[in-house]
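Worksheet: the structure to be examined is printed underneath.
Position 1 is the first residue of the sequence, and the numbers go up from there.
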Amino acid sequence: ASDLQVSNWQLNDSIWEEISKKFKSLPQKVSLKVLAMEASSSANIGVISDNLVDSGFGFTAEIPLKVSFIQNSPEEKIIPVDVKAEEATFQSEVELVGERTIWRQTVSVSGDKPVSWINVSLPDDENNRDNNFYYVVPPEVKPRVIIVSEREDVGKIIEAAVSVGVPKGSVIETKSSLDVAPDGDTTIIIWQGSLPQLDATDFLTNFVESGGSILFLPSTEERIVDREIFNTQWGAVEVAEESDIFSINNWDQQAGPVAKTAEGFSLPLDKNDFLKRRAIQSSGSPIVFFTDEKSFFLQTRNGKGHTYWMSSLPIPDWSTLGQGYSFVPILQRILIEASSRFVKPVQVEAGRFFLNDENSNPSDWLPVYPEKSGMNPLLQSGIYKNDERLIAVNPPAEEFGMSFYNANDLKPLLDGMNLTVVNVESNPSGASEDDNELQSELWKLFLISMIIFLALESYFTLPPSQARDTNEGASA
């Protein structure tokens, strides 16, 4: 039996071809019947993470959350939402509009005790299993940053921007060159100037491919040596005319270093003026564009790590980026993303985490909230703890899908087999041929079972003398 939800069937998986082959190899003919259960029409609302915003480098007095509420009816309504940050609780009212409503909320935490987990819950409805979302605040990370700058003034501006908001104990080094491979605990390298020489290219490539990140900023020199790294190189410096300065008008605001804030506000990238820029020549995909559609910011993935490229500088004769309204948050987000490789997962999907983490046994994880005996992180959402490590277990995102297959979608799955899909909610007076076939077979099975039952009953209810006479007559 199945409700034919799209996320449960994976029609494009090659496993169906293997199953079909195994059935065909059997000596007897196999028939398969699927009872299609109609999805419930009762009102239901679920909560799911929506590109959840992490709380920076760990504990903070304000934790930004971004979740979505999914409902199976588009009607507008206001619902109460309970938020529990360990011992602290509060309630908000959320207006639902359409099938999906994005809700941004900053959880303010008072006191010095770090909050380690949060629960967002909805009132009881048709399906209570999707009424809770759990979140674990990532442990504090103290990044190690190496700044390589050909100009001392530019290096100081970058260092000041990086220093905003990082935890105490973070390491920020500013150098004029980098001749040796960075330490293994280096979070990110910010490289301002001509691209590295060949001897440095190898260890920088290894650094990125093993999970590190590098932000490249252009050289101020008019002429630079033509070098390439990560399939990207710098082009010529372009100078704007006084009457037509460069400006930004388009960027990806959904995710990444230039996305909207947790409160839904856009970064003021379009408020910056650019007098100079250096062309980025790359096969990568830009995510921020000038009005003439040339690249301002580019992000590429190389192995396990990332490279970022910014075509201008935060100094007055190049741009107004030095005011910090855009430059600082971009650097902070890049730094947070680069730091994530040193943190073990804290947000996991039920079941999948334990399939991918060979060192983790589900029985080692004890429920923290809700604290119920017998809870299983493979199957049940909640906050779980193993020694000092916490994880938040939530249902896979695709479980919230509202798309369903019909009978014709399933029939090609098992080629050559007798596959029948029966709607259990169908009207008997208008039953399909498949329905009638199933009912006919069930009646045949019922009649045969009754005949066998009556024959056995007549035998075992014979008087003992008659049964003995019958046996003696047979032997004679």
Is a side-chain N or O of [X] found less than 3.5 angstrom from the main chain of [Y], in a donor-acceptor match?
X: Q253; Y: V258; result: no
X: N119; Y: Y135; result: no
X: D252; Y: Q254; result: yes
X: N394; Y: Y134; result: yes
X: Q71; Y: G98; result: yes
X: N132; Y: R129; result: no
X: R341; Y: K304; result: no

Does the plane of the ring in W117 sit parallel, tilted or perpendicular to the ring in Y369? Use 30° and 60° as the thresholds.
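Rings of W117 and Y369: parallel, as their planes differ by under 30°.
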
Drop me the distance from [X]'s [atom1] to [Y]'s [atom2], to the nearest 0.5 angstrom.
X: I189; Y: I146; atom1: CD1; atom2: CD1; result: 5.0 Å
X: I229; Y: W234; atom1: CD1; atom2: CH2; result: 12.0 Å
X: W365; Y: K385; atom1: CH2; atom2: NZ; result: 10.5 Å
X: I190; Y: L331; atom1: CD1; atom2: CG; result: 5.0 Å
X: L390; Y: I383; atom1: CG; atom2: CD1; result: 7.0 Å
X: I214; Y: I188; atom1: CD1; atom2: CD1; result: 8.5 Å

Closest contact, heavy atoms only, [X] versus [Y]:
X: K84; Y: T89; result: CG-CG2, 3.7 Å
X: F203; Y: P182; result: CD1-CD, 3.8 Å
X: D270; Y: I248; result: CB-O, 3.3 Å
X: S210; Y: N206; result: OG-O, 2.9 Å
X: R333; Y: G256; result: NH1-O, 4.0 Å
X: I330; Y: M310; result: CG2-CE, 4.1 Å

Quick check on Q91: does its CD atom have over 12 non-hydrogen neighbours (other residues, nucleotides or ligands) under 6.0 Å away?
yes

Under 3.5 Å, is there a donor-acceptor pair between the [X] and [Y] side chains?
X: N302; Y: E209; value: no
X: D124; Y: N131; value: no
X: W309; Y: T307; value: yes
X: S116; Y: E86; value: yes

Does any part of the side chain of [Y], heavy atoms only, come nearer than 4.5 Å to the side chain of [X], both counted from C-beta?
X: S170; Y: V145; value: no
X: L204; Y: L178; value: yes
X: Q105; Y: V94; value: no
X: D82; Y: V120; value: no
X: D130; Y: N44; value: yes
X: T205; Y: F230; value: yes
X: I102; Y: K66; value: yes
X: S295; Y: S311; value: no

Check side-chain hydrogen bond (donor to acceptor under 3.5 Å, both in side chains) between [X] and all other residues, then give those that pass, not counting sequence neighbours.
X: N250; value: none
X: E337; value: Y308
X: S285; value: none

Looking at residues at least two apart in the chain, or sitting in another chain, which of them share a salt bridge (charged side-chain N to carboxylate O under 4.0 Å, His left out) with D199?
none

Got a sec, which residues hit salt bridge (charged side-chain N to carboxylate O under 4.0 Å, His left out) with D185, two or more places apart in sequence or on another chain?
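Result, salt bridge (charged side-chain N to carboxylate O under 4.0 Å, His left out) vs D185: R144.
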
Start with the C-alpha gap between F69 and V81, add the side-chain angles, then the distance that decides, and say whether side chain to side chain contact (heavy atoms under 4.5 Å, CB included) holds.
CA-CA 10 Å; F69 299 110; V81 176; 3.8 Å; yes

Under 6.0 Å between the ring centres of W251 and F297?
no

What pairs of donor and acceptor atoms, side-chain ones from residues 372-382 against any protein atom, are under 3.5 angstrom apart with sequence neighbours left out?
{"unit_1": "N376", "atom_1": "OD1", "unit_2": "L378", "atom_2": "N", "d": "2.9"}
{"unit_1": "Q380", "atom_1": "OE1", "unit_2": "N376", "atom_2": "N", "d": "2.7"}

